[in-house]
Amino acid sequence: MPPYISAFQAAYIGIEVLIALVSVPGNVLVIWAVKVNQALRDATFCFIVSLAVADVAVGAQVIPLAILINIGPQTYFHTCLMVACPVLILTQSSILALLAIAVDRYLRVKIPLRYKTVVTQRRAAVAIAGCWILSLVVGLTPMFGWNNLSEVEQAWIANGSVGEPVIKCEFEKVISMEYMVYFNFFVWVLPPLLLMVLIYLEVFYLIRKQLNKKVSASSGDPQKYYGKELKIAKSLALILFLFALSWLPLHILNCITLFCPTCQKPSILIYIAIFLTHGNSAMNPIVYAFRIHKFRVTFLKIWNDHFRCQPKPPIEEDIPEEKADD
């Protein structure tokens with residue numbers, strides 16, 4: 001007999017499906033844009049593609065699994081653990097992609113003349129592969145033993161049951177809060193976020209320093225270069241801000257769960273925090289469309305060429321620097 005779904009659960013499922021329907025096509029469009037526009041092939045946009053892949057997976061995999069967990073099926077402990085781990089992997093991949101983007105933008109303004117020789121496509125690909133491998137290690141750590149199996153087994157045996165425990169699949173029932181707070185948040189989420197803030201502050205400082213120099217007859221190109229770098233840095237810093245705004249509430253709630261077990265957490269706050277984390281996967285394509293000119297032009301070309309059947313003239317692919325709106 002299928003589980004009963006309340007009106008509240010139905011509303012939750014509807015919102016999650018809506019987020020997925022925005023996230024998946026939006027991020028597929030980002031990947032498509034980089035594929036068709038040669039001007040979007042530098043290291044920054046390679047890292048953006050990695051971020052988009054993680055966001056597609058959130059919409060196509062994590063959200064359906066979250067809906068399944070919300071319904072509360074009865075499963076074996078390790079089956080539920082496998083359902084809970086993908087979101088940990090994808091979150092870590094997003095954080096590391098954002099960190100790689102921040103480092104890339106720093107190098108663009110710190111060593112502009114040597115940037116293209118230092119940051120090559122091959123090195124960017126190696127960095128992306130390294131980010132995903134590290135994300136797998138961090139996200140799958142609960143599968144290697146840092147989980148709540150011992151507590152669940154004690155309750156299972158106390159009830160006179162044998163074999164692998166069968167539980168109502170819930171995230172907090174299988175994932176250790178010690179892992180989520182001490183290892184995931186304090187080691188792999190908070191420090192990278194703080195480091196990215198420092199990197200972007202340094203990027204803005206270096207750009208402002210260059211822009212404040214006296215403009216001479218021969219300094220037009222550097223002024224234009226750093227002006228564009230400032231605009232693109234603002235757009236990517238906005239992506240970082242939205243990510244932090246979306247994920248910090250849930251991690252704060254995890255801290256409350258660990259450090260104040262008797263504290264009551266309103267269910268509505270938990271659901272809002274979950275919606276923010278999933279909704280973040282749908283935000284980035286919107287930011288790219290409104291803030292980064294190359295993406296906006298390519299999105300429109302894809303739309304006109306493949307969905308409206310009204311081809312536009314070919315987009316320019318030889319612009320060396322990114323162009324962004326204020």
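The analysis underlying the following values was restricted to heavy atoms, covering all of them including side chains, and did not include hydrogens, waters or symmetry mates.
Sorted by first then second residue, the ring-ring contact (aromatic ring centres under 6.0 Å, His included) pairs that include residues 55-100, not counting sequence neighbours, number zero. Sequence neighbours left out, the pairs with a member in residues 128-145 that pass side-chain hydrogen bond (donor to acceptor under 3.5 Å, both in side chains) are Ser50-Trp132.
Within 6.0 Å of the OH atom in Tyr205, the count of heavy atoms belonging to other residues, nucleotides or ligands does not exceed 12. More than 12 heavy atoms of other shown residues, nucleotides or ligands fall within 6.0 angstrom of atom CE in Met177.
In this structure the side chain of Leu88 reaches within 4.5 angstrom of the side chain of Ile175, judged on heavy atoms. In this structure, Trp303 and Leu29 have side chains that are not in contact, with every pair of non-hydrogen atoms separated by 4.5 Å or more.
Applying the ring pair (Phe, Tyr, Trp, His ring centres under 6.0 Å) test to His251 and every residue at least two apart in sequence or in another chain returns Phe185. Qualifying ring pair (Phe, Tyr, Trp, His ring centres under 6.0 Å) partners for Trp32, counting only residues two or more places apart in sequence or in other chains: His306. Tyr12 is linked by a ring pair (Phe, Tyr, Trp, His ring centres under 6.0 Å) to Tyr271, Phe275, counting only residues two or more places apart in sequence or in another chain. Shown here are the salt bridge (charged side-chain N to carboxylate O under 4.0 Å, His left out) partners of Glu172, two or more places apart in sequence or in another chain: Lys265.
A donor-acceptor pair under 3.5 Å links the side-chain atoms of Thr298 to the main chain of Lys294, judged by distance alone. Without hydrogens or angle criteria, Asp104 side chain to Ala100 main chain gives no donor-acceptor distance under 3.5 Å. Using modelled atom types, no side-chain atom of Ser93 and backbone atom of Ile89 make a donor-acceptor pair closer than 3.5 Å. Checked by atom type and distance alone, the side chain of Asn147 never pairs as donor or acceptor with a backbone atom of Met143 at under 3.5 Å.
Follow the hydrophobic side-chain contacts under 4.5 Å out from Leu198 and you never reach Leu230; the two are in separate clusters. Under the 4.5 Å side-chain contact rule for hydrophobic residues, Leu211 and Tyr225 share a cluster. Leu136 and Val83 fall into different hydrophobic clusters, defined by Ile, Leu, Val, Met, Phe, Trp and Tyr side-chain heavy atoms under 4.5 Å apart, directly or through other members.
The line from CD1 of Ile95 to CG of Leu99 is 9.5 Å long, rounded to the nearest 0.5 Å. With rounding to the nearest 0.5 Å, the separation of CG in Leu96 from CG in Leu51 is 11.0 Å. Atom OG of Ser235 is separated from atom CG of Asn284 by 11.5 Å, given to the nearest 0.5 angstrom.
Each of Arg108, Lys116, Arg123 was scored for a salt bridge (Lys or Arg N to Asp or Glu O under 4.0 Å) with Asp42, with one residue passing: Arg108. Of the candidates Thr91, Leu90, Thr277, Val58 forms a side chain to side chain contact (heavy atoms under 4.5 Å, CB included) with just one, namely Leu90.
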One pair to check against ring-ring contact (aromatic ring centres under 6.0 Å, His included): Phe45 and Phe295. What are the steps and the verdict? CA-CA 10 Å; Phe45 295 105; Phe295 268 121; 5.4 Å; yes

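Taking every heavy atom of both residues into account, Glu164 and Trp156 meet most closely at O-CZ2, 3.9 Å.
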